[in-house]
Protein chains: 2
Amino acid sequence: MVTLADVARHAGVSASTVSYVLSGKRSISAPTRERIQHSIDALGYRPHAGARALASSRTDILALMMPLRTGLYVPVMMEIAMAVTTTARSHGYDVLLLTGEEGPEAVRRVEGSAIADAMIVMDVELDDPRLPCLREAERPAVLIGLPAASADTVDSADSTVLDCVDLDFEAAGARCVEHLAGLGHTGIAVLGEPPAVYARGTGFAARTLTGLRAAAEAHGVGLLHRPVEGTYAAVAAAVTRIFEERPGTTALVVQNEAIVEPLLALLRHQGRAVPEDVSVAAICPDQVAVHASVPLTAVSVPAQEMGRLAVERLVARLRGEAARGTELIAPLLTERASTGPAAGATRAVAGTGAGAGTGAGTASGAEPTESQVASTEGRRGHGGR
Amino acid sequence: MVTLADVARHAGVSASTVSYVLSGKRSISAPTRERIQHSIDALGYRPHAGARALASSRTDILALMMPLRTGLYVPVMMEIAMAVTTTARSHGYDVLLLTGEEGPEAVRRVEGSAIADAMIVMDVELDDPRLPCLREAERPAVLIGLPAASADTVDSADSTVLDCVDLDFEAAGARCVEHLAGLGHTGIAVLGEPPAVYARGTGFAARTLTGLRAAAEAHGVGLLHRPVEGTYAAVAAAVTRIFEERPGTTALVVQNEAIVEPLLALLRHQGRAVPEDVSVAAICPDQVAVHASVPLTAVSVPAQEMGRLAVERLVARLRGEAARGTELIAPLLTERASTGPAAGATRAVAGTGAGAGTGAGTASGAEPTESQVASTEGRRGHGGR
DNA sequence: ATGAAAGCGCTAACAT
DNA sequence: ATGTTAGCGCTTTCAT
């Protein structure tokens, strides 16, 4: 193994000079630096991670704690993980993958063994058992997701406040209802995540529901909410019941990536045209919305951005910058082919900001120009540095 | 921070004794051990990972290199990653997540910086640029996937031979054709991965095709192969062409998780009943097969087992055991509702081992008892220890 | 069965 | 602008 001492000898300088060339924490004369760099290349030197960690108390590793749970849409998790990893690499960090399975113990392990410099925690529950550990921890952490309302404001003077990054799911829910209400729909049903997701107290699902309900009330539209398992049979049962119980339903909001295609197939099978007979709005990744058999009007779940943002805040904090607090990403609704005016409605009843746009496209195949309708505030929400 | 020295002082012993209690590499008297253990708990001591790595040249970390590519079915990757992580934890290892993006450079980083003790490489291409680095590396590596034919036998005397773990995709392809041929089908079409996957030289896709073709020839059935993008439109185009060009097609083999549901929807829409008019066999994870709108007869892709196996071999090798060579998992075909006798065929024409079983179930909803038909060799293939 | 002590390879004062 | 040196916290000989 090639050590720093080897390089120093080869270049005819002291070990510290080599170290300083590597860290850039001291100005080195150009000739010396070049000579050392040459030796490094010639010998193929790489600093030993363990030695560096021991001496500097920095590992250049970020821990990423991922859920291992049922009912979650896997591609989103994966996209976040990959965005985290590539963003981390671009800042010189590696990523240690932890499963949610270990729970609070994993947090203690990371903290106690100095195995990583900071952590990113996904799939945060409203009252998550890992939070107390995280608060006590020395190392910074960022949650992707939001625990119980305004966890960050609990004691904003305290330095151990938790940082959060997430889509503003409440606004996202509201945005969907607004869009549909603007098209004249007065009976909306929500096909949600599996019951287990709500039961567990997963933040995003609950927050979406809050936003949906608030907007429904504000716009005077009826709202029916049904958690749905990710199977065709479950979708069929839910949809059938919805139309039986509330025949006035003319629009659906889906927040459950697994049932998007089954739902569209079912509606087709039942002879309900989308969007002529029933409009469908979704909260899902763009990719799902675009590739669906009917391109879906949807609020996109910006998985990549969430991962990237989380890493950037963490890196900023590790650099000593004060990137604190909750940062919610403003929802962005893109109109595609799945939503249109309510049958018999005189379009755009209320003045809900965004117009009803090009929604009334044909039911399949076509890829109409996407008209993006940003939320009023622009893409980024409050909080941050 | 609590150090080993703190524990030693607290327990009134020397540092080395504490170390030996932790590692178990020396016999310690019961009283001493208990006293030390008590001090450890009392002080909440955790060994410093960096210090340990420096002193012992072991990190207790496994690197996992995941693809970041398009066209791959994400849930399978994720399942492997999670299986790797949990299995690793159960052996005391943590997992460092690397993206395929970095390519060979990542291998060198891991090697040079001693950042992990070993690595697992996924999404191996037939002629993968990372392989040379891997061969030169000191640290053991296991590939999930198979590079160009029998890479491990190139120089089986050499100690730097690469270990591989994978589903025997060739046998899996053959198994599908056998099953369908046994049901009397004589015209089979294969809906494969997106063209890019084949173009890239991804091992599993090519190997499956080899197996499919060989079996088709052996059983005298016609075989048509079509790579398909993961969109509804692409499936529709492919299927339409297939039935136009070869009206005699009565069975489909799908190896592309993304198009399973679109395909079934399309067939339904076209009025082709599954399995009465057309049988569908798949190569996909069990979960996909079970939850499809028509439960699919399928060779399961055992993602979890692959991840677990890879870790176990690596751990064995790190312990100095000789767990070398390629280990292929024998395919397991489970009959469900999507395959049945070819229309007008006198069932089970050729004597292809496994019988035609309960395949002729109803087309939807029902969950017939699954009859598992193992391959002749049993679950594990050759190689390994 | 236990201690003492020499590093592991690097960083960061403290020199000059 | 560069060199010297004292650790970082642990493992592991070598002693006893």
Sugar-phosphate, base or nothing in reach of [X], heavy atoms under 4.0 Å:
| X | value |
| --- | --- |
| A:Thr32 | sugar-phosphate |
| B:Thr17 | sugar-phosphate |
| B:Ser29 | sugar-phosphate |

Using atom [atom1] of [X] as one end and atom [atom2] of [N] as the other, report the distance to the nearest whole Å.
| X | N | atom1 | atom2 | value |
| --- | --- | --- | --- | --- |
| A:Glu34 | D:dT2 | CD | P | 12 Å |
| A:Arg33 | D:dT2 | CZ | P | 9 Å |
| A:Ile36 | D:dA1 | CD1 | P | 13 Å |
| A:Arg35 | D:dA1 | CZ | P | 15 Å |
| B:Arg46 | D:dC10 | CZ | P | 13 Å |
| B:Asp6 | D:dG9 | CG | C1' | 10 Å |
| A:His48 | C:dT11 | NE2 | C1' | 14 Å |
| B:Arg58 | C:dC8 | CZ | C1' | 15 Å |

Original post:
Can B:Asp117 and B:Arg139 be said to form a salt bridge (Lys or Arg N to Asp or Glu O under 4.0 Å), step by step?
Top reply: CA-CA 6 Å; B:Asp117 298 335; B:Arg139 293 165 224 299; 5.4 Å; no
Original post:
With distance as the sole criterion, do the side chain of A:Ser16 and the base of D:dT4 form a donor-acceptor contact below 3.5 Å?
Top reply: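 Indeed there is one.
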Does a side-chain N or O of [X] approach OP1 or OP2 of [N] to a distance below 4.0 Å, or not?
| X | N | result |
| --- | --- | --- |
| A:Thr3 | C:dG9 | no |
| B:Arg52 | D:dT11 | yes |
| B:Lys25 | D:dT11 | no |
| A:Ser19 | C:dT11 | yes |

Original post:
Counting N and O atoms only, with roles assigned by atom type, does the side chain of B:Ser39 sit under 3.5 Å from a partner on the main chain of B:Arg35, one being a donor and the other an acceptor?
Top reply: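 Flag set: sc B:Ser39 to bb B:Arg35 pair under 3.5 Å.
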Original post:
For DNA chain C, whose closest nucleotide is more 5', that of A:Tyr20 or that of A:Met1?
Top reply: A:Met1
**OP:** Could you pick out which residue, B:Ile28 or B:Ser56, lies toward the 5' side of DNA chain C when each is mapped onto its nearest nucleotide?
**Re:** B:Ile28
Subject >> Side-chain donor-acceptor contact under 3.5 Å, A:Ser90 with A:Thr87 >> reply: no
**OP:** Indicate whether the side chain of A:Ser16 and that of A:Ser19 have a donor and an acceptor atom separated by less than 3.5 Å.
**Re:**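 The criterion, which ignores hydrogens and geometry beyond distance, is not satisfied for A:Ser19 and A:Ser16.
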**OP:** Select one nucleotide: of C:dA15, D:dG9, D:dG7, the one nearest the side-chain heavy atoms of A:Ala55.
**Re:**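 Shortest atom-to-atom distance from the side chain points to D:dG7.
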**OP:** Could you check B:Ala5 against A:Ser27 and say which one's nearest nucleotide on DNA chain D is further toward the 5' end?
**Re:** A:Ser27
Subject >> Pairing of B:Arg308 and B:Glu312 as salt bridge, 4.0 angstrom limit >> reply: yes
